[in-house]
Every structure is written in structure tokens, then in C-alpha cells.
Engineer: 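Okay, handing you the structure first.
Residue numbers run from 1 in the order of the sequence given.
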Amino acid sequence: GISTQITAGATALRSAEILWHKSSLQKSDAENTWLSNKDQAYELRDSALDLLQYHFTQTGNAEALAQVASIREGTGDADMVMDLGRTADLVDSHADELDAIGMTEAERLEIRQMYTTLTGVFGSAIVNRRETSPDRDLRDRAFVYLDGLVSKVREAAKVNFRKDPDHFKKYQSRYRHKLNTSPKKTSPASTPPKTA
């Protein structure tokens, strides 16, 4: 019967709510990680590219200079993450030369680690900002389904207990009842001005 459907719907809604909440927390963590590291990532990339460009200009390495120029063509956050990976590859492949001009292994590792960190969170951070997640969609569908069942029960109660308003009150939505019975606020614009 409908009581069984309502019980099943409530269970589905609770499960969907838990999944959505867990997913939201994970995406929130991803976005926080992205936002807290993004500016530093840009600085790391740009600083490394400046050093590489200077060094390869001095050594006349045209091929490496072309790679630096290609990396600099990237625009936007998504390109920056990929550019950081390409920059990490470039500094690693010229590690001995860069050691000689003062770029330490720790600095090279920092670029690589930043790339790894941002690669792991960038996609989730963007999805969290731009799209409705599948978990939220499932939660919303479960709510709509359950709300539809409850509305059917209320409509049936309205007919069956039309001569017993006290009993019918048990089937009313407390929230909607509160909205319908709460005093309406009068806006300042509709209040007539006081006359002297």
C-alpha cells in the first residue's frame, strides 16, 4: 500500500541525503585545496619559466626555448595545471644544468608536487562550482517522489475527513500551515505616511 511506498521513499531519501552530503564534503575539500594553492602554483610556474628562459637564452638552447614559449601560451586555470606539469618535466630533464645555476632539487620537487596536488583536485573543484552533481540529483528525485506520495495522502485525508477538521489537521503540512497562518508583513512603501 501507500504506507509501504512512503516508508521506502523515506529510506531512499535518507540514503540519497547521506550520499550527497558525503559528496559535497569531498568536493568542498577539493575546492578549498584548489583555492588555497592556485596563486602559489601560478607563481611557481612563472618563476620557473623566467629562470628557464634566461638560462636557455644564455646557453643558446633553441629547442628548450621553444618549449618555454609553448608553455607560456597557455591561458586560464586548466592550462596552468597542464603547464605546471610540462614545466616540471622541463626542469627535471635539465636538472644538472639548473643545479649549476642555483635551482635546487627541493625547488624542482616543489613544482612536481604542486602539479600532482592540483591535478587531483582541479576537476572536482570545477564540477562543484559549475554543475549539479549526480548525488544531489538523486537526492532531489527521491525528495520529489516522497513529496508526491505525501501529497496524495493529504488529498485523500482532505476528502475522507472533510467533516472532521480536527482529525484532518494531523495530515496537514506544519510548514505550509505556518506559512498560511503567519501574519503578513506590511512593507514600508504600502504604509500611509503620517500627517502632522
Side-chain angles (χ1 to χ4, degrees), residues 8-147:
T11 301
L13 178 58
R14 281 194 297 271
S15 299
E17 186 78 25
I18 290 169
L19 284 173
W20 174 66
H21 182 65
K22 183 178 179 181
S23 175
S24 295
L25 288 176
Q26 290 172 342
K27 288 180 179 177
S28 178
D29 288 344
E31 188 165 12
N32 288 337
T33 300
W34 165 255
L35 291 174
S36 63
N37 285 282
K38 183 176 77 167
D39 290 342
Q40 184 186 356
Y42 272 104
E43 290 175 10
L44 276 175
R45 181 201 63 179
D46 294 343
S47 177
L49 290 177
D50 287 343
L51 178 62
L52 290 170
Q53 183 163 337
Y54 174 79
H55 173 67
F56 295 139
T57 299
Q58 296 300 309
T59 59
N61 190 333
E63 182 181 347
L65 278 173
Q67 291 184 57
V68 171
S70 176
I71 294 171
R72 286 191 187 278
E73 289 175 359
T75 58
D77 292 342
D79 279 349
M80 183 274 288
V81 176
M82 290 187 290
D83 293 344
L84 203 59
R86 294 176 65 193
T87 302
D89 290 340
L90 194 55
V91 298
D92 285 346
S93 63
H94 295 274
D96 292 339
E97 297 174 54
L98 297 174
D99 273 337
I101 62 170
M103 186 179 212
T104 65
E105 182 179 358
E107 290 173 316
R108 295 195 299 274
L109 183 59
E110 186 179 13
I111 298 170
R112 176 68 64 188
Q113 288 176 333
M114 181 64 76
Y115 168 68
T116 302
T117 297
L118 296 188
T119 300
V121 300
F122 178 69
S124 296
I126 295 304
V127 168
N128 194 35
R129 279 183 273 170
R130 295 181 180 176
E131 297 178 5
T132 300
S133 71
D135 294 320
R136 179 172 178 174
D137 182 60
L138 179 64
R139 189 282 306 260
D140 292 347
R141 287 173 183 270
F143 174 81
V144 170
Y145 172 74
L146 183 61
D147 189 55

Engineer: First locate atom CD1 of Ile111, then atom CG of Leu84, and finally report the distance between them rounded to the nearest 0.5 Å.
Structural biologist: 7.0 Å
Engineer: Who passes side-chain contact (heavy atoms from CB on, under 4.5 Å) against Tyr54, sequence neighbours left out?
Structural biologist: Gln58
Engineer: Please name all residues satisfying side-chain contact (heavy atoms from CB on, under 4.5 Å) with Leu109, sequence neighbours left out, ordered by chain then number.
Structural biologist: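 Applying side-chain contact (heavy atoms from CB on, under 4.5 Å) to Leu109 gives Gln113.
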Engineer: Applying ring pair (Phe, Tyr, Trp, His ring centres under 6.0 Å), which residue pairs with at least one partner in residues 62-91 are found, sequence neighbours left out?
Structural biologist: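 Sorted pair list comes back empty.
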Engineer: Quick check against the 3.5 Å criterion: does Ser36 have a side-chain atom that pairs as donor or acceptor with the backbone of Thr33?
Structural biologist: yes
Engineer: From Arg86 CZ over to Ile71 CD1, what is the distance, rounded to the nearest 0.5 angstrom?
Structural biologist: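 One gets 4.5 Å once the value is rounded to the nearest 0.5 Å.
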Engineer: Report yes if the side chains of Arg45 and Gln40 come closer than 4.5 Å at any heavy-atom pair, otherwise no.
Structural biologist: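 No, too far: nothing below the 4.5 Å cut-off.
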Engineer: From Leu44 CG over to Leu49 CG, what is the distance, rounded to the nearest 0.5 angstrom?
Structural biologist: 10.5 Å
Engineer: To the nearest 0.5 Å, what is the distance between CE (Met103) and CG (Leu51)?
Structural biologist: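 Between atom CE of Met103 and atom CG of Leu51 there are 5.5 Å.
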Engineer: In a check of salt bridge (Lys or Arg N to Asp or Glu O under 4.0 Å) between Arg72 and each of Asp50, Asp79, Asp46, Asp83, which one passes?
Structural biologist: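 Of Asp50, Asp79, Asp46, Asp83, salt bridge (Lys or Arg N to Asp or Glu O under 4.0 Å) with Arg72 is met by Asp50 alone.
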Engineer: After noting the C-alpha distance and the side-chain angles of Leu52 and Leu98, does the key distance pass the side chain to side chain contact (heavy atoms under 4.5 Å, CB included) rule?
Structural biologist: CA-CA 8 Å; Leu52 290 170; Leu98 297 174; 3.8 Å; yes
Engineer: Distance only, no hydrogens: is a donor on one side chain within 3.5 Å (strictly under) of an acceptor on the other, for Asp77 and Tyr42?
Structural biologist: yes
Engineer: Test of understanding: with side-chain contact (heavy atoms from CB on, under 4.5 Å), list the residues that count as partners of Asp92, not counting sequence neighbours.
Structural biologist: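 Arg108, Arg112.
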Engineer: Quick one, His55 and His94 - any side-chain contact, counting heavy atoms below 4.5 Å?
Structural biologist: no
Engineer: What residues, two or more places apart in sequence or in another chain, satisfy side-chain contact (heavy atoms from CB on, under 4.5 Å) together with Glu63?
Structural biologist: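 Listed in chain order: Asn61, Gln67.
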Engineer: Does a side-chain heavy-atom distance below 4.5 Å link Glu97 with Phe56?
Structural biologist: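 With C-beta onward as the side chain, the pair touches.
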Engineer: Name all residues meeting the side-chain hydrogen bond (donor to acceptor under 3.5 Å, both in side chains) criterion together with Thr104; count only those two or more places apart in sequence or in a different chain, and write none if there are none.
Structural biologist: Glu107
Engineer: Minimum heavy-atom separation for Leu118 and Ala41, please, with both atom names.
Structural biologist: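 Distance-wise, the nearest heavy atoms are CD1-CB, 3.4 Å.
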Engineer: What are the two closest heavy atoms between Thr87 and Ala48, and how far apart are they?
Structural biologist: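 Of all heavy-atom pairs spanning Thr87 and Ala48, the closest is CG2-CB, 3.7 Å.
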